[in-house]
Amino acid sequence: AQTVTQSQPEMSVQEAETVTLSCTYDTSESDYYLFWYKQPPSRQMILVIRQEAYKQQNATENRFSVNFQKAAKSFSLKISDSQLGDAAMYFCASQSADGLTFGKGTHLIIQP
Amino acid sequence: GAVVSQHPSWVICKSGTSVKIECRSLDFQATTMFWYRQFPKQSLMLMATSNEGSKATYEQGVEKDKFLINHASLTLSTLTVTSAHPEDSSFYICSASVQRVREQYFGPGTRLTVT
């Protein structure tokens, strides 16, 4: 069984600043993927970034990057130059043969 | 590419009636579809996984007879909530994948309100 833990129920950041969202996971799988999803008020799940566990290089998508520490089972998301449109719930997720397991989410507030 | 639609986006039904929610992959053939339930201010909880032409696999605690899932084709899966009650009111989200362990593409969700 997989578990995903997001220890920050809510985070707040000033517009244009950088914020890091934390995520730890536990899995017995050797082949798995990790994801960060964004859920805005529309509730549409939007893929932000994904990381294949076998890749050592941290994934990057424009202003979004991850710090993947496989041994520590840590997968944090860094958002640079925060924008008002980044305000949303962010879910960390782990995927293996059993499917996706989500963390409880972090509510990100962007202060103008 | 990889667009998933859900219909309806919002449905209100009376207690005791059944309601069907459709999930379609519009531009790809989905070998596997997933159904999630999300309560307000909570995370997504997987209800069941379905493969085309096979019976769905339900997560522990999900009533199979209450939440009927049919995956009749590679582009369509349906979730029927039978004899709905107010406690079934929730946000239901489907997702689809081409390969079971790869990325899932999410539909926009369906809000169910049972009165």
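Naming: A, B, ... by sequence-line order, numbering from 1 per chain.
Below 30°, between 30° and 60°, or above 60°: for Phe106(B) and Tyr37(A) the angle between ring planes is above 60°, a perpendicular geometry.
A side-chain donor-acceptor contact under 3.5 Å links Gln38(B) and Gln39(A).
For Leu47(A), the part sitting under 4.5 Å from any heavy atom of chain B is the side chain, from C-beta outward, and nothing else. Residue Phe91(A) touches chain B through its side chain alone, counting heavy-atom pairs closer than 4.5 Å. Tyr36(B) touches chain A through its side chain: at least one heavy atom from C-beta onward sits under 4.5 Å away, while N, CA, C and O do not.
In summary, Glu52(A) and Arg50(A) engage in a salt bridge, as defined by a charged side-chain N under 4.0 Å from a carboxylate O.
Atom CD of Gln56(A) has 12 or fewer neighbouring heavy atoms from other residues, nucleotides or ligands inside a 6.0 Å radius. Atom CE of Met11(A) is surrounded by more than 12 heavy atoms from other residues, nucleotides or ligands within 6.0 Å.
Scanning residues 103-112 of chain A against chain B with a 4.5 Å heavy-atom cutoff picks out Gly103(A), Lys104(A), ordered by number.
Residue pairs meeting the side chain to side chain donor-acceptor pair (under 3.5 Å) criterion with at least one partner in residues 68-81 of chain A, sequence neighbours excluded, are Asp26(A)-Lys73(A), Asn67(A)-Gln69(A).
At distances below 3.5 Å, at least one donor-acceptor pair connects side-chain atoms of Thr27(A) with backbone N or O atoms of Glu29(A).
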